[in-house]
2 protein chains.
Amino acid sequence: MQKIVTLKPFVHITATAPISVHTHGGRAKCLQRLIRLNLPVPTTVALSFETVTRIAAGQLPSMTSILSEFGSDPLLSVRPSSEDPDWGGPGAILNIGMNWDRHAALSESLGEPAATALYLRFVQAYSVHVARLDPDMFEQPEKVDRKALDRALDTYQDETDDPFPQDPAAQLGEVLRSMARAWGGTTARLLRQAKGAPADAGLGLVVQRMALGVGPGESGAGVIQFVDPATGEPQITGRYRCQSQSRDALKPGKGQVYLTRDERGPSLEEIVPEIFADLCRYGALCREKLREEMQLEFTIEDGNLRILDALRVQRSSRAAVRIAVALADDGIIPQSDALLRIAPRALTEVLHPQIDPTAKRVLATRGIGASPGAARGKIVFSSTAAQASAARDEPCILVRRETAPEDIRGMHAARGILTERGGMTSHAAVIARGLGLPCVVGASSVTISHRSKTLTTAEGKVFAEGDEITIDGGTGEVLAGAVPMLEPALDDSFRSLLSWADAVRDIGIRANADTPADARLARSFAAQGIGLCRTEHMFFEQDRLTVMREMIFAKSAGDRAAALEQLLPMQRADFVELFEIMQGLPVCIRLFDPPLHEFLPTDRSAMRGLAESLDLPIAEITRRVEQLTEFNPMLGMRGVRLGIAMPEIYEMQARAIFEATIEASRNGDPIVPEIMIPLVSANREVELVKTRIDAVAAAVRNERGKPFDYRLGVMGETPRACLRADEIAQHAAFMSFGTNDLTQMTYGLSRDDAGRFMSDYVNQGVFREDPFHMLDVDGVGELLKLGAERARATDPDIVLSICGEHAGNAESIAFCRDVGFDYVSCSPFRVPVVRLAAAHLALLNPKD
Amino acid sequence: MQKIVTLKPFVHITATAPISVHTHGGRAKCLQRLIRLNLPVPTTVALSFETVTRIAAGQLPSMTSILSEFGSDPLLSVRPSSEDPDWGGPGAILNIGMNWDRHAALSESLGEPAATALYLRFVQAYSVHVARLDPDMFEQPEKVDRKALDRALDTYQDETDDPFPQDPAAQLGEVLRSMARAWGGTTARLLRQAKGAPADAGLGLVVQRMALGVGPGESGAGVIQFVDPATGEPQITGRYRCQSQSRDALKPGKGQVYLTRDERGPSLEEIVPEIFADLCRYGALCREKLREEMQLEFTIEDGNLRILDALRVQRSSRAAVRIAVALADDGIIPQSDALLRIAPRALTEVLHPQIDPTAKRVLATRGIGASPGAARGKIVFSSTAAQASAARDEPCILVRRETAPEDIRGMHAARGILTERGGMTSHAAVIARGLGLPCVVGASSVTISHRSKTLTTAEGKVFAEGDEITIDGGTGEVLAGAVPMLEPALDDSFRSLLSWADAVRDIGIRANADTPADARLARSFAAQGIGLCRTEHMFFEQDRLTVMREMIFAKSAGDRAAALEQLLPMQRADFVELFEIMQGLPVCIRLFDPPLHEFLPTDRSAMRGLAESLDLPIAEITRRVEQLTEFNPMLGMRGVRLGIAMPEIYEMQARAIFEATIEASRNGDPIVPEIMIPLVSANREVELVKTRIDAVAAAVRNERGKPFDYRLGVMGETPRACLRADEIAQHAAFMSFGTNDLTQMTYGLSRDDAGRFMSDYVNQGVFREDPFHMLDVDGVGELLKLGAERARATDPDIVLSICGEHAGNAESIAFCRDVGFDYVSCSPFRVPVVRLAAAHLALLNPKD
């Protein structure tokens with residue numbers, strides 16, 4: 001049974017008044033806390049959500065009874081108090097109660113100019129925000145004097161056909177009604193819903209007696225906080241301005257003094273040392289009791305300190321980490337709270353260089369921020385130019401109309417990517433996120449000419465190859481020149497936080513890493529091993545590519561094996577290096593996967609070159625290229641199919657892995673490599689490959705006289721592999737689900753081709769989310785679940801995981817954890833994010 | 001508990017002897033039946049499977065006790081008696097018991113030449129089949145006389161170092177041992193297993209007293225049957241030859257007489273009218289009591305008729321139908337038996353023209369018979385030549401190295417397809433089967449030059465474009481010239497049989513039909529409607545293609561709609577024609593499915609042509625072509641995705657369907673068209689399309705002032721559509737599963753690309769069967785099952801079906817029936833096959 005509570009329309013906030021965030025909003029509650037801490041908060045009354053709803057519907061409570069809470073002739077402020085301060089609300093309105101009577105009285109006590117300024121300020125605010133008159137008519141006059149005030153009052157009367165209201169009760173009533181109605185406006189509603197507010201979010205209002213920062217004695221207003229909002233380091237920052245009201249201190253102008261002792265001028269610390277000491281004491285008290293770094297809004301009224309409000313300090317992600325960790329270290333909050341206070345996604349900001357917020361920016365264009373972080377470098381317009389640039393150790397930004405798979409090596413070489421076309425799921429965006437590379441896509445107002453090697457902005461500014469630019473993959477901004485950067489701060493706080501995360505999370509995290517550089521990164525981010533090492537990139541390097549092509553043109557299995565023989569030492573060296581970097585941690589190597597045609601040239605002149613180097617007629621080259629061309633390469637002769645048709649490839653790879661295992665095990669713990677078969681759809685495929693690999697293992701053990709173990713598993717990326725996981729698990733020590741391909745097949749949708757309509761599809765709500773970005777729990781998820789259940793039914797100890805791009809997506813990990821996967825494997829740059837996300841899940845939904 | 005039965009090593013066959021097909025084989029059992037019918041069968045003894053197994057292992061039973069069953073000095077024959085006569089067995093051996101003593105005695109009774117001929121015949125058979133001597137040494141001598149006999153006996157002795165055995169018991173023992181061992185040979189075993197025999201199939205043997213067809217009085221041997229083996233019509237056919245033994249009558253030579261009265265010479269009917277009458281009586285008796293058309297093997301021994309054996313008449317598929325229906329019509333067997341006697345696959349032979357078996361054949365080459373039926377026509381080497389040929393109404397055979405999707409229209413235009421490359425799952429084979437078009441693939445010994453337009457056989461014979469050839473898609477034969485054909489016989493028997501099938505089957509059958517011709521064929525085969533009408537072919541016709549391209553190059557939705565406006569009347573006319581042909585039956589129309597790039601030219605000169613006709617710069621053409629090119633067209637912008645991106649296409653189609661509905665309903669029953677949305681993967685796709693189509697329906701009803709109904713459904717061809725069938729069923733009146741695409745996506749395997757390795761995969765047992773040929777019950781099947789269950793859970797009345805190529809596969813239909821699909825939809829030529837297959841299923845596995 002629900003308790004029916006009849007609330008008073010307003011509550012005088014005291015230490016014991018019945019105020020809650022859910023009935024009166026966060027600001028009201030916070031003010032009550034300050035009052036409990038004995039901070040000098042002026043008299044404040046809180047109006048409940050229900051009251052404000054009634055006001056919006058036209059039922060105004062008695063204004064005189066509200067006014068009576070404040071004694072005689074007060075000036076009042078009204079500020080919004082929604083459940084979550086982030087949801088916003090109408091702006092504060094100050095100095096309610098000003099009229100000619102008050103003006104006369106205040107002229108006496110504060111002097112006429114101060115009284116006139118207060119009255120004018122109120123008339124302006126009331127006219128614009130309550131009477132909804134054109135703000136242009138109420139611009140701040142050059143001189144604040146009686147004439148300006150009269151002009152404002154005349155304008156009000158001309159526009160409304162009524163004199164400016166003189167009754168404080170009428171003024172307050174109109175202010176409340178206006179603010180209550182603004183909350184129901186469409187724009188305000190959409191804005192707060194975008195920040196996660198429910199459709200029926202309520203608004204409370206707080207009415208507070210003004211502390212006047214103008215007048216005799218030390219008077220003024222300011223804000224103060226005790227940490228640096230960029231770094232989170234302890235440091236007093238803020239503003240104070242004499243003879244000002246409220247947040248006016250934040251505006252530039254005369255009257256500003258420093259907060260702390262400063263050589264450049266007077267400071268609050270020197271002017272009113274006791275008040276400054278009180279502020280510091282209040283800050284520390286708030287931090288301890290409100291368990292948060294707070295910004296205090298204060299007014300000094302004739303030498304008396306008043307605390308009007310306290311807000312959570314706005315902060316960068318980096319500062320958020322520092323603050324949360326410090327609070328936990330100081331025993332103010334438990335570590336679990338520190339973990340929960342950091343949104344996993346915020347870590348991506350910490351992990352990448354950021355444009356220095358204080359730097360001067362010349363915006364060249366703007367696109368979609370598709371992969372976070374900032375990068376600067378010289379413009380290059382081709383993959384080869386990017387590689388050349390990397391060879392010269394010159395940072396470069398790869399600029400393309402759009403990218404294609406053949407740009408991969410250029411993307412690896414660049415510091416950032418900028419494309420004219422494409423969206424969040426374009427090739428460039430997806431690959432860049434995988435590489436942890438800042439990327440801006442869909443900068444559709446620029447024109448890129450690959451031929452003339454220029455990028456022309458909408459304003460006609462031309463950038464040529466070699467010109468420097470800076471991109472911000474978070475905001476989508478493209479800036480001219482090399483803008484100063486803030487390097488990522490993987491400091492002690494960051495490390496502490498993630499070590500706490502590791503202590504609570506209950507799902508393993510590995511990284512997808514193909515190269516030694518990736519592996520080092522993975523290790524530095526404390527990945528628990530490599531969950532997916534793709535081996536094909538190893539064959540794209542120039543010297544290997546030639547041998548690879550010799551293999552493709554081999555006339556017999558014997559010739560093929562001879563070509564592969566040349567690749568063996570290179571592969572072995574690759575694996576030795578990986579194993580040494582990952583010493584003591586598992587490394588899961590996926591056998592060769594792509595279709596062979598990816599290794600052949602596509603244009604005529606490259607084919608002629610290949611004909612020369614292989615000493616074959618060009619007709620044979622074109623014939624073979626044609627022969628290998630596929631209608632749907634995604635669904636063609638690749639993965640295990642190639643492994644079965646040309647078993648020499650997998651045999652060479654297995655041998656390289658086993659020989660590397662022996663070599664790398666010499667100086668440390670024995671390595672137990674994991675070998676993963678791609679694109680399996682039937683258990684017999686696994687049997688056939690297993691038989692051959694076991695034979696290679698036996699041969700290597702025999703030749704080298706050294707024992708070693710290995711684990712053979714399967715990449716589950718076809719719907720059929722999920723459905724038949726019970727059979728497949730008979731021969732597999734692990735099954736790692738490749739959710740990229742699985743999503744493609746489950747939807748019958750190629751990711752490379754989906755880019756053209758995916759944004760339309762998501763906008764029209766056809767798909768709730770891009771399934772390549774957010775795991776489709778309903779469809780793909782069911783296949784994963786079936787796969788996991790069936791594999792476990794055959795072998796309760798089988799190791800299950802996912803290694804698609806989804807593994808780096810915090811939302812998808814919840815699913816993996818529910819299904820009972822042992823680990824997820826994501827790109828190295830996502831590892832910290834996932835460590836934290838997994839900790840959140842463990843804290844919020846502990847397993848039985 | 002199993003009963004242990006100790007069988008006597010042999011049984012004298014009498015009416016009551018314990019003989020069964022499972023212990024003594026079919027021949028022994030048949031002979032017992034003849035004896036029960038009081039036919040004059042000579043004394044016969046049957047050896048059980050067990051006995052023959054023992055003999056093969058060296059345990060010969062007592063020969064004298066066998067011989068004692070036959071009285072004094074018999075001559076004997078031994079013939080095989082396996083469980084199913086089709087499984088074969090060693091050849092019969094006659095005249096066992098011949099030796100010099102019998103020779104002397106028979107010389108007295110039959111004359112010396114006859115005795116010598118009998119002895120020589122035995123020596124030859126014994127030497128070759130029992131002693132395994134080289135048959136070349138025992139060729140039939142020019143003159144059968146004493147010298148030839150002595151020569152044969154000498155050769156025997158020279159080769160075996162033993163004189164020819166004179167002891168009948170020894171002879172019989174060796175014959176039995178030899179035949180018993182032959183059964184265990186590898187070749188024999190593989191041959192019978194290919195015909196469906198189990199690995200442990202047993203062999204029985206029957207030993208029969210010879211009736212001698214040589215000697216005084218009317219003597220001779222023959223076979224007689226009472227139906228035409230080609231047509232199944234009642235007609236006495238067979239052979240009789242005076243002074244001959246056993247099946248010698250079948251060999252040409254002197255002594256042959258006609259069976260029935262004939263102007264050309266003497267006949268059995270005239271020579272021994274009573275015996276002829278007896279034969280006819282026995283034939284009728286067998287037909288009635290053995291419930292089958294039997295061929296009788298008989299011997300006349302000095303005017304006495306002996307029936308040695310009776311065999312099921314060998315017959316063409318056409319005759320099989322005629323015979324089974326006649327037996328049922330005569331009340332001899334029930335209709336259900338008639339149905340079960342015809343293998344569904346046999347009907348394909350009946351449905352297609354066949355090469356006249358009596359025609360002279362000049363074999364040009366041989367390939368794999370990939371789609372049954374025979375076709376003749378002029379050779380064409382390109383799709384365009386095929387279309388030109390069809391336009392001239394000249395039958396042609398499309399000859400290609402291999403076919404590709406762009407050859408489709410040529411394939412439609414040709415009478416048959418011949419390719420140098422490819423197997424049963426090649427593009428040519430699959431498409432041809434779909435079209436019911438005879439097809440020979442993988443004729444790898446010929447060389448096809450598309451440039452010089454020649455086909456050169458291994459022997460160097462060159463065929464040029466325009467030369468006539470004939471192909472047999474059943475046998476894989478390619479014959480020079482236009483060989484005479486037998487037209488398909490869709491006679492009364494065929495119709496009766498299928499009407500009986502329709503009466504018992506419990507699953508509906510529709511046809512996939514895209515054109516009026518297809519629809520007429522479907523109707524003539526009594527399909528219960530059209531289950532899949534693909535509409536895209538309608539846009540490939542030249543006049544429409546141009547408009548289609550205008551649409552693709554339209555700059556706005558408005559321009560697009562204007563181009564589509566031109567297509568509307570053509571589409572409407574298509575549908576009016578289809579609806580009129582299918583009057584009273586449902587027609588399920590699949591909305592536009594293929595990616596747009598299929599409608600654009602791929603080569604430079606065609607692009608230039610298009611640029612001219614659209615009055616656009618060629619750069620714009622190439623740009624658009626590039627833009628529309630996809631990495632994986634199968635998984636790209638097609639089906640409902642296109643329908644959502646360019647809603648004008650579906651709107652035009654819906655309007656054409658509705659307007660055609662009104663027009664075609666004028667002269668008959670109201671039409672209720674079914675509209676099917678392709679490639680659905682999310683229910684919102686269905687909602688969006690449904691909203692628009694409902695709006696079109698409302699508009700058309702309004703404009704025309706006529707009511708009509710329609711049913712909207714979904715093609716389930718992505719794994720996700722199966723998994724989410726519960727949601728999708730909310731908006732769909734029916735769901736038809738497209739098993740072709742579903743198989744591709746479930747395996748992650750493109751059918752177009754799988755051809756390269758599928759045969760290897762099946763040969764290595766990686767896949768038990770080609771999943772595009774035989775439904776993968778384990779994987780794809782589970783998705784179908786889930787889809788059906790879930791759709792039915794939402795809407796128990798939803799109509800479920802499959803419309804992939806599998807629907808024409810008898811084995812797959814069993815699955816569809818088990819899952820509870822309402823109907824299957826297959827290519828028109830498969831409809832009769834499926835009607836019969838479905839009847840078999842209903843008879844063999846009746847539903848509760």
Side-chain angles (χ1 to χ4, degrees), chain A residues 404-405 595 627-642 644-645 679-682 684-685 687-688 717-724 727 741-754 756-757 760-761 764-768 771 776 778-783 786, chain B residues 404-405 595 627-642 644-645 679-682 684-685 687-688 717-724 727 741-754 756-757 760-761 764-768 771 776 778-783 786:
Chain A
Q627 227 174 40
L628 288 176
T629 301
E630 296 187 299
F631 295 103
N632 296 287
M634 168 66 48
L635 308 177
M637 179 73 159
R638 47 174 280 248
V640 69
R641 294 163 195 162
L642 197 57
I644 285 175
L679 205 67
V680 164
S681 64
R684 181 90 183 113
E685 289 171 328
E687 285 176 343
L688 283 172
E717 46 192 335
T718 65
R720 200 172 189 280
C722 297
L723 295 169
R724 307 304 295 168
E727 285 173 2
D741 275 17
L742 189 59
T743 301
Q744 303 197 74
M745 292 170 194
T746 305
Y747 276 88
L749 181 55
S750 148
R751 186 165 63 175
D752 293 322
D753 299 310
R756 284 175 208 181
F757 60 92
D760 276 358
Y761 245 56
Q764 291 190 52
V766 186
F767 295 163
R768 219 169 14 214
D776 161 43
D778 294 340
V780 178
E782 180 173 8
L783 286 173
L786 286 175
Chain B
Q627 226 175 38
L628 289 175
T629 301
E630 297 187 298
F631 295 101
N632 296 287
M634 166 66 47
L635 307 178
M637 179 73 159
R638 45 174 280 248
V640 70
R641 294 161 196 166
L642 198 56
I644 286 175
L679 206 67
V680 164
S681 63
R684 182 89 182 114
E685 290 170 329
E687 285 176 345
L688 282 173
E717 45 192 335
T718 64
R720 199 173 190 281
C722 297
L723 294 169
R724 307 305 295 171
E727 286 173 2
D741 275 17
L742 189 57
T743 302
Q744 302 196 78
M745 292 169 193
T746 306
Y747 276 89
L749 180 54
S750 148
R751 186 166 64 176
D752 293 323
D753 299 310
R756 283 175 209 180
F757 60 91
D760 275 359
Y761 246 55
Q764 290 190 56
V766 186
F767 295 164
R768 218 168 15 215
D776 161 42
D778 293 340
V780 178
E782 181 173 5
L783 287 173
L786 286 174

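All chains are named by letter (A, B, ...) in the order of the sequence lines, taking the proteins before the strands, and each is independently numbered beginning at 1.
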**Asked** What's the spacing between B:Met634 CE and A:Leu749 CG if we round to 0.5 Å?
**Response** 13.0 Å

**Message:** Looking at chain A, which one of B:Ala682, B:Pro633, B:Ala645 has the largest number of heavy-atom pairs inside 4.5 Å, strictly under?
**Reply:** B:Pro633

**Request:** Would you sort out whether A:Phe767 and B:Glu685 count as a side-chain contact (heavy atoms from CB on, under 4.5 Å), showing the intermediate values?
**Result:** CA-CA 8 Å; A:Phe767 295 163; B:Glu685 290 170 329; 4.0 Å; yes

**Prompt:** So which of A:Met637, A:Glu687, A:Glu727 has the largest heavy-atom pair count under 4.5 angstrom toward chain B?
**Reply:** A:Met637

**Request:** Apply salt bridge (Lys or Arg N to Asp or Glu O under 4.0 Å) to A:Asp741 and list each qualifying residue two or more places apart in sequence or on a separate chain.
**Result:** A:Arg638

**Message:** Nearest 0.5 Å, please: how far is CD in B:Gln764 from CZ in A:Arg684?
**Reply:** 8.0 Å

**Message:** Between B:Phe757 and chain A, with a heavy-atom cut-off of 4.5 Å, which part of the residue counts as in contact: side chain, backbone, both or neither?
**Reply:** side chain

**Request:** To the nearest 0.5 Å, tell me how far A:Arg720 CZ sits from B:Asp776 CG.
**Result:** 4.0 Å

**Message:** Does A:Phe631 form a side-chain contact (heavy atoms from CB on, under 4.5 Å) with B:Asp753? I'd like the steps, not just the answer.
**Reply:** CA-CA 6 Å; A:Phe631 295 103; B:Asp753 299 310; 3.4 Å; yes

**Asked** Which pair of non-hydrogen atoms, one from B:Leu635 and one from A:Asn632, has the smallest distance, and what is that distance?
**Response** N-OD1, 4.4 Å

**Request:** Would you name the heavy atoms of B:Thr718 and A:Tyr747 that are closest together and state the gap between them?
**Result:** CG2-O, 3.5 Å

**Request:** Side chain from CB out, backbone as N, CA, C, O: work out which of these in A:Arg724 comes under 4.5 Å of a heavy atom of chain B, or both, or neither.
**Result:** side chain

**Request:** Pick one of side chain, backbone, both or neither for B:Leu688, based on which atoms fall under 4.5 Å of a heavy atom in chain A.
**Result:** side chain

**Request:** For chain B, find which of A:Gly748, A:Ser681, A:Gly636 contributes the most heavy-atom pairs closer than 4.5 angstrom.
**Result:** A:Gly748

**Fill in**
Sequence neighbours excluded, the answer for side chain to side chain contact (heavy atoms under 4.5 Å, CB included) partners of A:Glu782 is A:Leu786, B:Leu723, B:Arg790

